[in-house]
Amino acid sequence: MSGYVKWFDANRGFGFLVDDAGGAYVLIHGNVLRKFGQGSVAEGTRIVVDAISADRGRQAARIIGIDTASEVSTAPIADLCNISHDDLMRLPPLPARVKWFDRAKGFGFANVFGRRDDVFLHIEVVRHSGFADLVQGEAVGMRVVEGRRGLMAAQMFSWDRAAEDSAAAAPLAEPLLPHTYRPETLLGDDLDDLNLPDHWNRRVPDRALEERQDPLRAAASFPQLARR
């Protein structure tokens, strides 16, 4: 059956789906969601499941697919409004783990496997990608762009999807953050409203200008690019 999430409480470990065909709500348990590679799911997210009839009513036995809002061309925040949907889809899916995330503060950070760089997670991008919340250590997939303050997630999806997409793509020689998209301009309105950590409030330097002014210094800062 297909439908949308009426609500899901990660703390209680379950929620309910509204069936497109009508009828009673369908229970979705947290264990079923985790088997799909996701720890939570946002209200209103469209989902397809195998449903069975149990003593207490219908429930999801297996998740077939989750259609996240991030696959729509509209940007979840102003900082990403200059990135087209086609440009976003050309970015490689990267496996990552959540470093920490605070839903009340509206942001958090993750690390791509093989890299120490912090990747910023905005709560609207998280919700737009179909997640209600994230927990420390949770495995996720993401597409990363380079914003005016640093790397940030433009799209997120389940760990299983990231693993499948990465396996289908051509293998990289080393675990870089490859082909991160850097728009010419970023508004940054949404980020200015957040009480960000001091280390993330500094602006990202213009790498092209840096290379023209001091190529040796620039090469030392990005050894992987220098080797290439």
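Values below: every heavy atom of this structure, side chains too, minus hydrogens, waters and symmetry copies.
Rounded to the nearest 0.5 Å, atoms CG (L151) and CG (N111) are 10.5 Å apart. Note that CG of L134 is 9.0 Å distant from CD1 of I123, once rounded to the nearest 0.5 Å. Residue H128 holds its NE2 atom at 10.5 Å from OG1 of T45, rounded to the nearest 0.5 Å. Atom-to-atom distance recorded for F131:CZ and M156:CE is 5.5 Å, nearest 0.5 angstrom. The CD atom of Q155 sits 10.5 Å away from atom CE of M142, with the distance rounded to the nearest 0.5 Å. Between the NZ atom in K35 and the CG atom in L33 there is a gap of 12.0 Å [rounded to 0.5 Å].
Applying the salt bridge (Lys or Arg N to Asp or Glu O under 4.0 Å) rule to D133 yields no partners; only residues at least two apart in sequence or on another chain are considered. Take K99 and apply the salt bridge (Lys or Arg N to Asp or Glu O under 4.0 Å) test, not counting sequence neighbours, and it matches D118.
Contact annotation: the side chain of D20 approaches that of R46 to within less than 4.5 Å [non-hydrogen atoms, C-beta and beyond]. In this structure the side chain of I63 reaches within 4.5 angstrom of the side chain of I28, judged on heavy atoms.
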Start with the C-alpha gap between R97 and V112, add the side-chain angles, then the distance that decides, and say whether side-chain contact (heavy atoms from CB on, under 4.5 Å) holds. CA-CA 7 Å; R97 283 197 183 275; V112 173; over 6 Å; no
Under the criterion side-chain contact (heavy atoms from CB on, under 4.5 Å), I'd like the reasoning laid out for F36 against R34: C-alpha separation, chi angles, the key distance, then a yes or no. CA-CA 5 Å; F36 184 74; R34 282 189 287 274; over 6 Å; no
For a side-chain contact (heavy atoms from CB on, under 4.5 Å) check, start with the C-alpha distance between V144 and L94, then their side-chain angles and the critical distance, and finish with the verdict. CA-CA 8 Å; V144 177; L94 303 174; 3.9 Å; yes
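Taken together through direct or relayed side-chain contacts under 4.5 Å among Ile, Leu, Val, Met, Phe, Trp and Tyr, V18 and V32 form parts of separate hydrophobic clusters. Using a 4.5 Å cut-off between side-chain heavy atoms of Ile, Leu, Val, Met, Phe, Trp and Tyr, with links allowed through other members, L17 and I52 fall into different hydrophobic clusters. There is no path of hydrophobic side-chain contacts, each under 4.5 Å, that joins V41 to V48. Under a hydrophobic clustering in which Ile, Leu, Val, Met, Phe, Trp and Tyr are joined whenever their side-chain heavy atoms come within less than 4.5 Å, directly or via other members, V135 and F14 fall into different clusters. In the hydrophobic cluster analysis, where Ile, Leu, Val, Met, Phe, Trp and Tyr join through side-chain heavy atoms closer than 4.5 angstrom, M1 is grouped together with I66.
The aromatic rings of F16 and Y25 sit tilted, their planes meeting at an angle between 30° and 60°.
Across all their heavy atoms, A154 and L88 have their closest contact at CB-CD1, 3.6 Å. Residues S40 and A132 approach most closely at OG-N, 3.1 Å, considering heavy atoms. Between P92 and R143, the shortest heavy-atom distance links the atoms O-CG, 3.8 Å. The two residues A104 and D102 have their closest heavy-atom pair at N-OD1, 2.9 Å. Of all heavy-atom pairs spanning Q38 and G130, the tightest one is NE2-O, 3.4 Å. Taking all atoms of both residues into account, the shortest heavy-atom contact from H122 to E124 is ND1-N, 3.0 Å.
Within the structure, side chain to side chain donor-acceptor pair (under 3.5 Å) contacts touching residues 47-58 (residues at least two apart or in different chains) are D19-R58, D50-R62.
A donor-acceptor pair under 3.5 Å is formed between the side chain of S129 and the backbone N or O of V125. Judged by distance alone, with hydrogens and angles left aside, the side-chain atoms of E138 form a donor-acceptor pair with the main-chain N or O of G39 at under 3.5 Å.
Here F120 and F109 bring their ring centres to under 6.0 angstrom of each other.
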